[in-house]
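Working notes for the structure below.
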Amino acid sequence: MKFTSYRKPKGKGHRWSIIPSGRGMGQKVGEPPGPRFKRFAIGILVAVAVLLACGSWRIEVGRRGFVVGRPAPRTYVALRPMTYIDEESTVALRDMAASRVMGVYARDGLIVVDEKATERLRDEIRQTISPIERHISPGDVLVSNGEVITPADADLLTKQGYLSPDFPWRRLLLTALVVALWGYWQFHFTAAEGSKLALKEESYLLALVIVGWALQFFAGGLKYEATPFGSLPVAGWSFLTLPAGMAYHLVTSAGVMGLLIVMSLESLELMVALLVLAVIGFLGYTLLRWKTDTRFKLWKGLFASGLVGVLMWSLAAWSLQRQIMLQEVLLLVAFGAAFSALAVLLLPVWEELFGILSPIRLMDLSSPAHPLLRRLEVEAPGTYHHSLIVGTLAEGAANKLGLNGLLVRVGAYYHDIGKLRRPHFFVENQLQGSNVHDDFSPTLSALSIIAHVREGLEVAREYHLPSRICDFITEHQGTGCLTYFHQKAQSIGEDLPKEQFCYPGPLPSSKETALVMLADSTEAAVRALDISGKEVAHLEEVVSQVVESKVREGQLKRVDFTLRELEIVKEAFVAVLRSMYHTRQVKAIEEEKPLLALASPERAI
C-alpha cells in the first residue's frame, strides 16, 4: 500500500484507511477498534518500553557503569571536553595555606592565643586562594583500572555520562508515564483528525512502533551512537505504506520516544541522536514519498538519509569538541547501509502479515510476466484484452481525481480472473458466431456468469493476491443484474424473481473499486456498439448513460463521489476512448499533371 500525501477528508467521521491511494487514499475499511483494543495497545507499548529501558540500562551499566568505594573494573576516559572545579584539591590547598597561621596572640597582661581571631585570619587566607579549575579533553584518563572510585570521581564520571549501577526506578516510572501519555495522545490525535482506522490497520501501526523501538535498542546495543539509525527501516516502511503526514508523524514522534527509552537522559549523545532522527524523518519525507517503485530505489533513499545522518552526527560531535575517528564514521555508514537493506528484506513480511500494498508490490503485480496474468492472456485472451482497456480507463480517471492510478490499474487487471474457470462462457472469449448460452437455460447461464466473482476469489487465494486486490474482484459488479437473461426467462414462460439474476455484491466501498466498476461497464457498452470512426462523437453520450445508470441503480451509494468528480470521470473516460477509437482520415493525394502537359501546343494556340 502506498500513500504519497496526507489530506484530511471533508466532513467528520470519515475513515482513513492505510490502503494505498496515490495522492489521496483508499477508503476501504474494516471495523474500527474499540476502547478495549486501545487500552491493550497502550499497555503493550508501556510494557515493551519498560523492558527495553531495563535492557538498555543493563547494557549501559556493563559498558559505562561504576561503583563508589570499589576498584574500577576498567579505565574510564573522558568522553567530551569539560572544565570543572576540583573541590577536593581546592579544599586541600586552602587548608594547607591556612595551617601556616600558628595563631594570633593577644597581650593583656599575659600573652595568650586569640582563637577567634586566629580562625578569622585563617578564613581570610582561604578566601584569597581561587578555586582550582581543571580542563579535560576527550580521551584523558579519569580513573585507571583497579583504582578505588571516590565520591569526587563518581561525580566526575556521572557528569561525563557514565552510569551508577543503582537500579533506575525513577527513570522506569517516568518512561512508563510518558509512553502511556504518548500512546493515549496518538489515539486522541487520530480521532481528532477524523481518522478511523480498522483493527488490522491499528495493529500494523502498533507493530511498526514496537519494531522501531526494538531496532533502536539493537543498534544502541551494538554501538551507542548508532541508536537513531535503527529508525531507518521504519522510515522506509512508513513512507511507502502510509500517508506522508502520518508517516512523518510516526517516524519522528515514535523515534523520539524510542531514543528516550533506550538512551540515557543525561547524555549529550541524546541531543545528537535527536538531530540525526530529525534528518532521517525529513529526508524520508522528501526522498521516499514519490516514485519509490523498486527495491533499489527504496534502499538508495534510505541509505542517502543515513549518510546525511552520519554527516549531521559528525558536525554535532565536532561542535562539541569531541574527537572524531574515521573508523567510527565508517562504522556508522555501515549501520546505515545494513538497516537500509533490512528495510528492503522485511518489506515482504509486512505485506504478507498485514495485507500491505506497497508501490513495489503493485509494480510486481502489474508486470505482464506475472504467472496469473500470463495464464489469463493464454487461456482467456479476450478477457485479458478487456482488463487492459478497463485498467487504462480507470487509471486515467484515478489520476485526474488524485487517487492511486497504479492501484486502480492493478485492480482492473485482476478483477475478472474468475473467468479463467470457464472462459468460453463469456462473449469476449467466444469465436465469431459461437455462443454456448444458446443451448443453456437462462437460469443456468446467469448462474455460471455470476459465479465468476466467487471463483475469482478462489483463484486470488490460490495465487496469494492481497486482500485489497480481492476487493476489486468482489465489488466490481456490485449488485447489478443480468437483465438479458431475466428477460429471456420471461419470454419462455419462467416467472422468476429478478434477484435471482443479480450479483450478490457487495457494493463498491471505495472510489478505486467504483472506478473499475464504471470503467468495466463503459468498456463493455462501447464494445457492444461496434464503434467506427463516424460514431466517436457518440462516446460522451454512451459514457454518460453508463455512469448515470450506476448512480440511478444505487451502485455508488457507499462511495462519496461528488457531482464534479463524476464529471471528471466521464471526461477522462471519453479522452481515453477517443485515443483508442481514433481513425486515420487523411486527405487523398491527387496526381499532379506535368508542366509540359499544361504547356501543350493545342493550349498555346
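Since the model is a prediction, treat every value here as computed from it, not as a measurement.
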- Message: I need the minimum non-hydrogen distance between Leu457 and Cys470, along with the two atoms involved.
- Response: CD2-CB, 3.7 Å

- List for me each residue that meets ring-ring contact (aromatic ring centres under 6.0 Å, His included) alongside Phe561, sequence neighbours excluded, and say none if there are none. none

- Heavy-atom pair with the smallest gap, counting every atom of Val234 and Gly212: CG2-CA, 3.3 Å

- Are the side chain of Ser56 and the backbone of Leu52 linked by a donor-acceptor contact shorter than 3.5 Å? no

- Task: Go through the steps for Trp313 and Ile324 under the test side-chain contact (heavy atoms from CB on, under 4.5 Å), then give the verdict.
- Result: CA-CA 10 Å; Trp313 176 86; Ile324 302 174; 4.3 Å; yes

- Note on the structure: On a heavy-atom basis, the closest approach of Asn399 and Gly405 is OD1-CA, 3.5 Å

- Query: If you round to the nearest 0.5 Å, how far is OG1 of Thr392 from CG of Leu577?
  - Reply: 10.0 Å

- State, with a plain yes or no, whether a side-chain heavy atom of Leu283 is found less than 4.5 Å away from one of Val279. yes

- Query: Does anything in residues 384-412 pair up under ring pair (Phe, Tyr, Trp, His ring centres under 6.0 Å), and if so which pairs, sequence neighbours excluded?
  - Reply: His386-His415

- Message: Suppose we screen for side chain to side chain contact (heavy atoms under 4.5 Å, CB included). Which residues come up paired with Leu342, at least two apart in sequence or across chains?
- Response: Leu215, Pro233, Phe339, Leu346

- Message: Measuring only between side-chain heavy atoms, which start at C-beta, is Asn404 closer than 4.5 Å to Leu362?
- Response: yes

- Short side-chain to backbone donor-acceptor contact, Ser521 and Leu518, under 3.5 Å: no

- Would you call the rings of Tyr285 and Tyr248 parallel, tilted or perpendicular, where under 30° means parallel and over 60° means perpendicular? perpendicular

- Item | Leu331: partners by side chain to side chain contact (heavy atoms under 4.5 Å, CB included), with sequence neighbours left out | Lys223, Phe335

- So does Phe282 have more than 12 non-hydrogen atoms from other groups sitting under 6.0 Å from CZ? no

- Task: Find the distance between CG (Leu465) and OH (Tyr463) and round it off to the nearest 0.5 Å.
- Result: 9.5 Å

- Task: Report yes or no: does Ser367 contribute a side-chain atom to a donor-acceptor pair with the main-chain N or O of Met363 at less than 3.5 Å?
- Result: no

- Below 4.5 Å, heavy atoms only, C-beta onward: do Asp520 and Gln477 meet side chain to side chain? yes

- Does any donor atom in the side chain of Ser510 or Arg468 lie under 3.5 Å from an acceptor atom in the other side chain? yes

- Query: So Ile360 and Val344, side-chain contact (heavy atoms from CB on, under 4.5 Å) or not? Walk me through it.
  - Reply: CA-CA 10 Å; Ile360 296 174; Val344 176; over 6 Å; no

- Task: Would you mind checking if Lys511 and Glu565 are paired as a salt bridge, meaning a charged N to carboxylate O distance below 4.0 Å?
- Result: yes

- So OG of Ser314 and CG of Leu326: to nearest 0.5 Å the spacing works out to 10.0 Å

- Given the rule in the side-chain contact (heavy atoms from CB on, under 4.5 Å) test, do Trp213 and Val262 qualify, once you have shown the distances and angles that lead to the verdict? CA-CA 8 Å; Trp213 290 352; Val262 174; over 6 Å; no

- Query: Does the side-chain contact (heavy atoms from CB on, under 4.5 Å) test come out yes or no for Leu507 and Lys557, once each step is laid out?
  - Reply: CA-CA 8 Å; Leu507 297 176; Lys557 64 183 180 181; 3.4 Å; yes

- Message: What verdict does the salt bridge (Lys or Arg N to Asp or Glu O under 4.0 Å) test give for Glu458 and Arg461, after you've listed the backbone C-alpha separation in whole Å, the side-chain angles of each residue and the deciding distance to 0.1 Å?
- Response: CA-CA 5 Å; Glu458 296 173 357; Arg461 296 190 186 100; over 6 Å; no

- Query: Got a sec: does the CZ of Phe40 have more than 12 other heavy atoms crowding it under 6.0 Å?
  - Reply: no

- Are the side chain of Gln216 and the backbone N or O of Gly255 linked by a donor-acceptor pair below 3.5 Å? yes

- Query: So Thr383 and Glu428, side-chain hydrogen bond (donor to acceptor under 3.5 Å, both in side chains) or not? Walk me through it.
  - Reply: CA-CA 6 Å; Thr383 299; Glu428 65 267 23; 3.0 Å; yes

- Task: Please collect all salt bridge (charged side-chain N to carboxylate O under 4.0 Å, His left out) contacts where either partner lies in residues 383-397, sequence neighbours excluded, each pair once.
- Result: Glu395-Arg409

- Message: For His249 and Trp182, I'd like to know if the aromatic rings sit close, meaning centre-to-centre distance below 6.0 Å.
- Response: no

- Using a 4.5 Å cut-off on heavy atoms from C-beta on, say whether the side chain of Val569 contacts that of Leu515. yes

- Message: Is there a side-chain contact between Glu475 and Met517 in this structure, where contact means two heavy atoms from C-beta onward sitting under 4.5 Å apart?
- Response: no

- Item | Nearest non-hydrogen partners of Gly301 and Leu287, listed with the distance | O-CD1, 3.9 Å

- Distance col, row Leu199:CG vs Glu201:CD, nearest 0.5 angstrom, shows 9.5 Å

- Salt bridge between Arg361 and Asp364, side-chain N to carboxylate O under 4.0 Å? no

- Item | Separation of Arg295 CZ from Leu345 CG (nearest 0.5 Å) | 10.0 Å

- So how far is it from Ile473 CD1 to Ser467 OG, rounded to the nearest 0.5 Å? 11.0 Å

- Message: Less than 4.5 Å apart, side chain to side chain, heavy atoms only: is that true for Asp293 and Leu406?
- Response: no

- Note on the structure: Residues Leu270 and Met263: closest non-hydrogen pair is N-CE, 3.8 Å

- Item | Contacts of Val251 that satisfy side chain to side chain contact (heavy atoms under 4.5 Å, CB included) - sequence neighbours left out | Ala235, Ser238, Phe239

- Would you say the side chain of Thr479 lies within less than 4.5 Å of the side chain of Tyr503, judging by non-hydrogen atoms? no

- Item | Tyr414 side chain vs Leu365 backbone, donor-acceptor pair below 3.5 Å | yes

- With a 4.0 Å cut-off, would you call Glu379 and Lys419 a salt bridge? no

- Query: So, are Arg564 and Glu567 salt-bridged, with charged N and O less than 4.0 Å apart?
  - Reply: no

- Query: Are the aromatic rings of Phe425 and His452 close, with centres under 6.0 Å apart?
  - Reply: no

- Going by heavy atoms in the side chains, are Val310 and Glu328 under 4.5 Å from each other? no

- Note on the structure: Ala514 and Val559 have their tightest heavy-atom pair at CB-CG2, 4.0 Å

- Give the C-alpha distance, both sets of side-chain angles, the deciding distance and a yes or no for salt bridge (Lys or Arg N to Asp or Glu O under 4.0 Å) between Glu202 and Lys38. CA-CA 9 Å; Glu202 292 280 14; Lys38 296 178 181 179; over 6 Å; no

- Task: Kindly indicate, with the supporting measurements, whether the criterion side-chain hydrogen bond (donor to acceptor under 3.5 Å, both in side chains) is fulfilled by His476 and Asp416.
- Result: CA-CA 9 Å; His476 79 277; Asp416 267 346; 3.2 Å; yes

